[in-house]
Amino acid sequence: MFQPVSNQVDFPAQERSVLEFWTRTNAFENLRALRKDAPQRWSFVDGPITANNPMGVHHAWGRTYKDLWCRYHAMKGAELRWQQGFDCQGLWVEVNVEKELGFTTKRDIENFGMANFIALCKQRVLNSAAQQTEQSVRLGYWMDWNNPAELRMLAKKIVENPNEIIELERGGEKVRGTVEQLVGKLGMPELGGSYFTFSDENNYMIWSFLKRCHERGWIYRGTDSIPWCGRCGTGISQHEIDTEGYKDRDDPAITIRFRIRSQAADPAVDWKSPEAQAAFDATPARFILAWTTTPWTLPANVMLAIGPKLRYAIVRQSHAASATRDGESAIYFLGAGVLKMLRGDYEVLGEIDGAQMVGWTYEGLFDELPAWIDANKRWADKHGFDAERIFEHCVIPWDEVGEAEGTGVVHIAPGCGPEDHKLGKEIGSPMVAPLGEDGHYLSGFGDLVGRHAHEVPDAVEAMLKQKGFFYRRETYRHRYAHCWRCSTPLVYRLVDEWYISMDELRHDMMRVTETINWVPSFGKERELDWLHNMHDWMISKKRYWGLALPIWEYPDGTFEVIGSHEELRTRAVEGWQEFEGHTPHRPWIDGVKIKHPVTGQIGVRVTDVGNPWLDAGIVGFSTMRFRADRAYWEKWFPGQFMTESFPGQFRNWFYAMIAMSTVLADVRPADTILGFATLVDEKGEPMHKSKGNSIEFNEAADKAGADAMRWAYARQEYDDNLRFGYNYLGECRRNLLIPLWNVYSFFVTYAVADGWQPGADAAILTPLDAWILARLQQTVNETDRALDAYQSRPAALAIERFVDDLSTWYVRRSRARFWGSEMTADKQAAYQTLHNVLTILCRTLAPFTPFIAEVMWQNITAGRTLQDAATESVHHQLFPESRALTAAEEALLRETEIARRVVNLGHSVRSQSKVKVRQPLAGARIVADAAARAVILAQRDILCDELNIKDITFAERAEELVSYKVLPDLKKLGKKLGQDLPRVRNGLAALDPAFVAAEVQAGRAITVDGIALAADEIIVQAQPRPGLVVAGEAGIVVALDTELTEELISEGLAREAVRRINDARKAASFDVSDRIETYYHATPRLATAIQLYENYVKNETLSVILQSGVPENASTSVDEFDGEGFTIVLIRIH
RNA sequence: GGGCGAUUAGCUCAGUUGGUUAGAGCAUCCCUCUGAUAAGGGGAAGGUCUCAAGUUCGAGUCUUGAAUCGCCCA
């Protein structure tokens, strides 16, 4: 027997009961056991969520997909690994721990103690993982989760006493070790649960990967000018500056005049006039104008670059742009296309090709600074020059120089920018690197020493003014790279970092990328584009918490890469004892030293930590036992599926996964990669806590429920940003959950009342039953096909359409079949059909909305509530099987569509003629072709009932209802007639449409203006005759006989009375089956109608007595409608 | 600066090889059905298809240019 169901339901509360049910019944573990060693396996490779903060609603998007396909494939009978992971190492964790401690610089960390700091990083990860675990469970995400309480216990102890020996119990076995050691084993086979990228195996597996790269000669140390965050004290790799890294910023833009020291002896100048040339010759103060938005780089200026193909203007300004020597006349060189940069009046004396200026020399801005003198010494030393020799600042050609902004002259500081650095290397110029790790000036820069790069524009300006080099200053708004973790504006620094060379790997990775099924398909092009353009992969960071790069350097500058814990143990000559028993992290690993086997030199580990994408990219190997159990790895790798949000991941996780699987196995990481866009608020704005428009996951789950959220994600188009909010969630609830629940509650309510049980004799199904079953099969087919192709939206929309059909056609049309107290064969068929539909629908919906599917399934299959100790779950079932529809099913689907169209048209006519449906009408006249007529006849009863009419007739002559419009078939005639078309069109319009229609229907050609048109070149459209109240669509026209007889009016009134009485019953909270006594006062016409239809009214209202005259003192309900007055008193019979 | 994409109703988006009267959902308003419904149904209103030029008998659709907005890469 089914458990009674209310039609009002608190979905979030119900979901919490489902979660308890799953826990209590071990539903997830039972599923694992059921599918263990199944012949099929389906391997999902999880992209780790950063365990640093609570989970957000944007995470829930991807996690819904992950769970959707895991559940789907489990329901297809496959075995799964069910392991998801946490990303644990890297700067983002450090930044948050620093914030909590109030630290602002790296020195703070070192004073605090690196070991203490690392422990806090681990603690933060473990606590975040515990919280994210709880939130994921709340979402209905089935995975092999850790117990959050255990994670919190480890988090507590890892700070209090990481060396305490503890035991963790796993399946009756005890795993013993120090807290630190056990934390390092999380996710590994002995402990199970989620993987953590800080695990020992994850770190050592990366060592193994890096060693492999080193063996191929790809690891190198490079000096480059790279984006640098002064706050974090680390380089930011190209991979990390994604769109979020760029922000608008106002910077001072300074135009500098560089005093020319020597120019070519006889440059080819196009003088405006001989006077102009004379004026030039008479003016000794000559400058080249350059422009920069980064004044802090000026003390590092070495050269100026001009565009060799550009033209440069020679102008004279007599009053001074220069703030220092007012009144002095000066000559300026600048791009001929950017004269607007000049301030004040000027006179153009001539023009010169950029190529002519190459090699000119100029006076350095700050040649007296010790930094420049030192840079020259190093330069001379490197090139074997005399130590006194000084590099002359000069003009060099560079094709990239343009005139879009600035003066057409670019100031080159090889220590302060990547392009500058490249040019400096090509020329072999000195390099001046002004900034330290913290983004402040190093010594040798006079007054600037110790000041931050972004603080010094005023000081630089003053220095330039004092020397007469300043021309002008303005404010310039541009997009500038900021640190993606702490939002500090970046600077460029010349540093040593470690790289993996992409020269050889690039093409292998592109080949592997080609073999992946990218969803949406443009993903492949994006990834290839990135691979095509990307520079060498910078893998080092000068930080603390992360992968210890396994690179040991010797005093002579050579280095080695160590590939495993074991290898390090055999090679260690110092520090091993202190390290042993610790996870491979700083500071413990830093003390281990090795000895060069040949030279005997002692090698020391570089202190850098690794790029966190190494951590996330290796998980296809580290978590799948690549080193320990190759058979297991081969079983599960490559995976079938991985998914993440697109932005950033082409160069981050997707990239790292492809790189590592290419290097280690020359294979793709997964067959299919699904990417999706970004989650924004309902207005399309990015969600930010600071903006107040963000929605917390917990809040959304509490308010809207996880099923509604999951549905919102599932029905989303992958390429489009998801506009997430409560309106949209409400829409999801209204589109799916509420209609579904209503159907379910309707079914259960009546089945309980009737004592109906599944499994009774097979009943004879009506066409309506057969129709909904065919629709269901069609929906199963569509859903299965879409999910198989990793397309959630078409699947979700198919289900929405089905639920709508089920609710608004099948159940609505079947309601009367469930009424009455007898169990008729027809009722039996209706129960059986609806039960069947709901059972299969639960299994279809289970991967999408696991909560509601479980609740319904428990009740309708076994009459259980969530409090019962069931062992079965809908999630243990198999997904409904697809099969091709039979011809009869296809026909049924088409026919019902026609019938529903007739109903819509009928309602439309009633609405237009303002006759409400409750008023019966004599009949409808319909124009339809033979096929549609047959369908309408077959469904006559339903149509009459639905439209509240007595009969349906077909118009013998269509002209009774319609007129014809004849049109040329432009698609066919356009090409044939070309310019003659307008003439033919007009000619055709002038003919009698009825005549043309008749000819065309007879298949005869029509001649218009001397041109013959075949019958199939003319389109005949039937449309309602003007003046008639009819509605038409797709060849069917419906007219209603709206003439009311006294009899019809009476029937309408009786029906209205029934409705009023039933409303009153409802208002009085009577039960559906309560018998009543009904007393009334009615105006004469209504009273007559009630007497006329007495039995009908009694039946419909369950009135045992229906009597005119209202008892004294009874509480009455008074009504007025259609000009009639109606007063009633209802008394329930107990 | 280069590449890709977009611009259609108040909002979010469809719109097939160019074809006759440009659609849907949400929101608004009116009407209506209902003893499963928090639903459902009918209707109204809402459009210079970003702009300009071109090709064509015919352009939301094709071409060129402009503007604005995304995304990717420099």
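Sequence lines set the chain letters: A, B, ... in the order given, protein chains first and strands last, and positions in each chain run from 1. Values reported hereafter were calculated over all heavy atoms of this structure, with side chains retained and with hydrogens, waters and symmetry mates removed.
rG70(B) and rU55(B) have their P atoms separated by 35 Å, with the value rounded to a whole Å. Distance check on atom P: rU8(B) versus rG42(B) gives 28 Å, rounded to whole Å. The same atom, P, is picked in rA24(B) and in rG41(B); the two are 13 Å apart, to the nearest Å. Here the separation of rG1(B) from rG18(B), taken at their C1' atoms, is 36 Å to the nearest Å. Taking atom P in both rU61(B) and rG19(B), the straight-line distance is 10 Å, to the nearest Å. The separation of rU28(B) from rU64(B), taken at their P atoms, amounts to 44 Å, rounded to a whole angstrom. Taking atom P on both nucleotides, rU17(B) is separated from rC13(B) by 22 Å, rounded to a whole Å. For the P atoms, the distance from rG58(B) to rU20(B) is 15 Å, rounded to whole Å.
Residue D529(A) is classed as a sugar-phosphate contact, given heavy-atom separations below 4.0 Å to backbone atoms only. Backbone-only contact: T808(A) has heavy atoms under 4.0 Å from sugar-phosphate atoms and none from a base. Residue R715(A) is out of contact with every strand shown, counting any heavy-atom pair closer than 4.0 Å. Counting non-hydrogen atoms under 4.0 angstrom, V903(A) reaches nothing in the nucleic acid. Using a 4.0 Å heavy-atom distance criterion, E682(A) is classed as making no nucleic acid contact. When heavy atoms are screened at a 4.0 angstrom cut-off, V748(A) is found touching no nucleic acid atom at all. The residue F818(A) sits apart from the nucleic acid: no heavy atom pair falls under 4.0 Å. Residue D969(A) is in base contact, counting any heavy-atom pair closer than 4.0 Å across all strands shown. Among the atoms of the strands shown, only primed sugar atoms or phosphate atoms (P, OP1, OP2) are found under 4.0 Å from some heavy atom of R734(A). Residue I738(A) is in sugar-phosphate contact alone, with no base atom involved, counting any heavy-atom pair closer than 4.0 Å across all strands shown.
Side chains of N859(A) and Y744(A): a donor on one and an acceptor on the other come within 3.5 Å.
Residue E717(A) qualifies as enclosed at atom CD: its count of foreign heavy atoms under 6.0 Å is above 12.
In this structure, Y810(A) and D769(A) have side chains that are in contact, with non-hydrogen atoms separated by less than 4.5 Å. Side-chain atoms of W741(A) and F11(A), non-hydrogen and from C-beta on, do get closer than 4.5 Å to each other. With a 4.5 Å cut-off on side-chain heavy atoms, V966(A) and L991(A) do not count as touching.
Along RNA chain B, the nucleotide nearest N735(A) and the nucleotide nearest V9(A) are compared for position; the residue whose nucleotide lies closer to the 5' end is N735(A).
Considering only side-chain atoms of E731(A), the nucleotide from rU34(B), rC26(B), rC72(B) that sits closest is rC26(B). Here rU37(B) is the nucleotide among rC13(B), rG35(B), rU37(B) with the atom lying nearest to any side-chain atom of N742(A). Side-chain proximity of R651(A) to rC72(B), rU20(B), rU34(B): nearest is rC72(B). Nearest to the side-chain atoms of L970(A) among the listed nucleotides rG35(B), rG19(B), rA36(B) stands rG19(B). Closest approach to the S807(A) side chain among rC11(B), rA36(B), rC72(B) is made by rA36(B) (side chain taken as heavy atoms from C-beta onward). Which of rA38(B), rA74(B), rU20(B) sits closest to the side chain of H535(A) comes down to rA74(B). For D720(A), whose side chain is taken as the heavy atoms from C-beta onward, the closest listed nucleotide among rC26(B), rC13(B), rG35(B) is rC13(B).
Ring-plane geometry between F654(A) and F650(A) is classed as perpendicular, the angle between the planes exceeding 60 degrees on a 0 to 90 degree scale with a lower cut at 30.
Contact annotation: Y744(A) side-chain N/O to rA36(B) OP1/OP2 distance is not under 4.0 Å. Contact annotation: R1055(A) side-chain N/O to rU34(B) OP1/OP2 distance is under 4.0 Å.
Side-chain atoms of R812(A) and base atoms of rG40(B) include no donor and acceptor less than 3.5 Å apart.
Counting to the nearest Å, the C1' atom of rU21(B) and the CZ atom of R985(A) are 13 Å from each other. Atom CD of Q8(A) and atom P of rA38(B) are 7 Å apart (whole Å).
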Original post:
Should F818(A) and Y831(A) be marked as a ring-ring contact (aromatic ring centres under 6.0 Å, His included) after you check the CA-CA gap, both sets of side-chain angles, and the distance that decides it?
Top reply: CA-CA 8 Å; F818(A) 293 90; Y831(A) 273 124; 4.9 Å; yes
